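For reference, the structure is listed below as structure tokens.
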Amino acid sequence: MTSTTPRAALATSADAGRPALRVVGLRKRYGDVVAVDGLDLTVASGECFGLLGPNGAGKTTTIEICEGLTASDEGTVEVLGRRWTDDEHALRQRLGIQLQETQLADKLTVEETVRLFRSFYPRGRSVDEVIDLVQLGEKRGARVGKLSGGQKQRLALACAMVGDPELIFLDEPTTGLDPQSRRQLWDLIIELRASGRSIVLTTHYMDEAEKLCDRVAIVDHGRVIALGTPRALIASLGAEHVVEFTSPGSAEVLGAEELEALDGIQSARLHNEEWSLEVTELARAVPALLRELARRGLPLEELVTHSATLEDVFVSLTGRQLRDG
């Protein structure tokens with residue numbers, strides 16, 4: 001992807017070496033609810049950084065504080081080496097923001113919407129270039145209210161990109177989209193990352209983070225509980241595969257320690273009557289499990305295996321599934 005005004009390459013020498021985003025000791029409370037609880041993170045320049053966790057983990061509150069949309073109770077936020085209290089106008093010209101829910105005027109066309117957002121910036125990308133970038137050329141004359149969910153998300157990304165930002169915030173950009181629309185948006189984000197722009201992405205889809213992000217921070221209850229590359233975090237489990245199985249009555253006669261004693265099984269957890277096993281070798285663990293169930297006269301209702309993922313890292317750290325919130 002090329003740009004006629006590569007603002008990502010226009011950082012001053014004073015910005016060289018500075019992180020795109022630095023957050024220290026961030027706290028935010030809503031009444032009795034602590035949304036963000038002493039969160040620290042640093043996003044390197046040119047990095048696609050994922051902020052991951054279940055709904056209610058504090059991701060959106062954190063990103064809204066970083067975007068200058070919400071005030072923190074405590075902590076320091078530096079965006080492109082500047083602070084919102086001192087340099088708000090300058091920062092607005094250097095950022096692109098796609099909110100979790102972007103409300104655009106239904107009666108405007110795609111082209112009119114992008115042209116409106118382009119008018120907010122003294123310099124940036126051309127309207128035609130951005131519309132082509134998000135693959136909405138055939139819809140440029142269509143009214144926003146007639147677009148599909150995926151098309152609206154791509155239009156929201158166009159509005160975030162039209163100022164040719166150095167740092168882009170994407171808050172749950174693919175939530176609610178069908179698989180094809182998700183993949184199309186992934187391709188656009190991959191292009192943006194390849195252009196050298198810094199990206200902060202929040203999501204509760206772990207496959208999305210594995211595909212798009214250079215590094216991720218897993219957030220739970222407003223705190224960072226794990227930080228690293230997707231590959232390193234998955235490797236930290238020490239298990240290459242996960243086996244999930246259900247066996248009626250097994251919870252009454254089997255314990256985690258007994259399953260962990262079986263050949264090839266590293267850890268075992270029971271969640272809503274489904275067992276989840278972290279295993280080092282499927283070829284050893286599955287036969288050992290089947291023999292044990294047969295020995296105890298327990299029926300096997302379902303068994304599924306998959307390679308370890310970031311979601312398994314979250315379960316290992318918290319004992320909960322992401323979907324539990």
Side-chain angles (χ1 to χ4, degrees), residues 18-44 47-88 91 95 97-101 167-175 198-206 208-210 212-230 232-234 236-237 269 271 309-325:
R18 285 180 177 169
L21 177 67
R22 189 174 76 93
V23 176
V24 180
L26 194 65
R27 297 182 188 275
K28 182 65 178 180
R29 178 188 293 271
Y30 296 100
D32 295 332
V33 177
V34 179
V36 184
D37 189 13
L39 185 142
D40 299 330
L41 60 88
T42 301
V43 178
E47 181 177 39
C48 183
F49 187 92
L51 201 58
L52 317 181
N55 292 328
K59 306 187 304 297
T60 293
T61 299
T62 298
I63 203 170
E64 286 181 349
I65 293 171
C66 294
E67 292 166 343
L69 301 177
T70 300
S72 65
D73 295 333
E74 298 178 33
T76 299
V77 175
E78 291 182 357
V79 183
L80 300 173
R82 305 189 180 204
R83 299 192 183 188
W84 286 107
T85 51
D86 304 323
D87 298 296
E88 179 173 357
L91 281 174
L95 302 183
I97 297 174
Q98 182 180 4
L99 302 175
Q100 191 173 91
E101 294 184 14
L167 172 60
I168 307 164
F169 290 100
L170 305 175
D171 191 7
E172 303 277 4
T174 66
T175 296
S198 307
I199 302 171
V200 178
L201 167 77
T202 74
T203 183
H204 59 272
Y205 297 127
M206 292 299 167
E208 185 163 281
E210 291 177 36
L212 300 177
C213 298
D214 300 302
R215 285 192 309 137
V216 298
I218 299 179
V219 178
D220 190 36
H221 298 304
R223 294 185 177 185
V224 174
I225 60 173
L227 176 67
T229 67
L233 289 177
I234 293 169
S236 71
L237 287 174
R269 293 179 185 80
H271 180 80
T309 67
L310 284 174
E311 178 143 7
D312 299 312
V313 176
F314 182 83
V315 173
S316 178
L317 291 169
T318 67
R320 308 191 326 273
Q321 300 284 339
L322 273 169
R323 58 182 174 269
D324 295 335

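Worth saying up front: this structure is predicted, and the values here are computed from it rather than measured.
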* Are any non-hydrogen side-chain atoms of Glu210 and Thr309 less than 4.5 angstrom apart? -> yes
* Which residue pairs pass the salt bridge (Lys or Arg N to Asp or Glu O under 4.0 Å) test with at least one member in residues 49-69, sequence neighbours excluded? -> Lys59-Glu172
* Asked: Should the heavy atoms of other residues, nucleotides or ligands under 6.0 Å from CZ of Arg27 be counted, would the total exceed 12?
  -> yes
* To do: Measure the CG-OG1 distance between Leu41 and Thr62 for me, rounded to the nearest 0.5 Å.
  => 7.5 Å
* Structure fact -> To the nearest 0.5 Å, atom CD1 of Ile168 lies from atom CG of Leu201 at 11.0 Å
* **Nearest heavy-atom neighbours spanning Phe49 and Cys213** => C-SG, 4.1 Å
* Among side-chain atoms of Asp220 and Thr318, is any donor-acceptor pair under 3.5 angstrom? -> no
* **Check: Cys48 main-chain N/O paired with Asp214 side-chain donor or acceptor under 3.5 Å** => yes
* To do: Could you tell me the separation between the CG atom of Leu310 and the CE atom of Met206, rounded to the nearest 0.5 Å?
  => 6.0 Å
* Nearest atoms (heavy-atom pairs only) where Ile65 meets Lys28 -> CD1-CB, 4.0 Å
* Structure fact -> Heavy-atom closest pair (Arg22 atom, Thr42 atom, distance to 0.1 Å) is CG-OG1, 4.0 Å
* Least distance between heavy atoms, Ala209 atom then Val216 atom -> CB-CG1, 4.1 Å
* **Which atom of His221 lies closest to which atom of Asp37, heavy atoms considered** => O-CB, 4.0 Å
* Nearest atoms (heavy-atom pairs only) where Leu170 meets Ile199 -> CD1-CG2, 4.0 Å
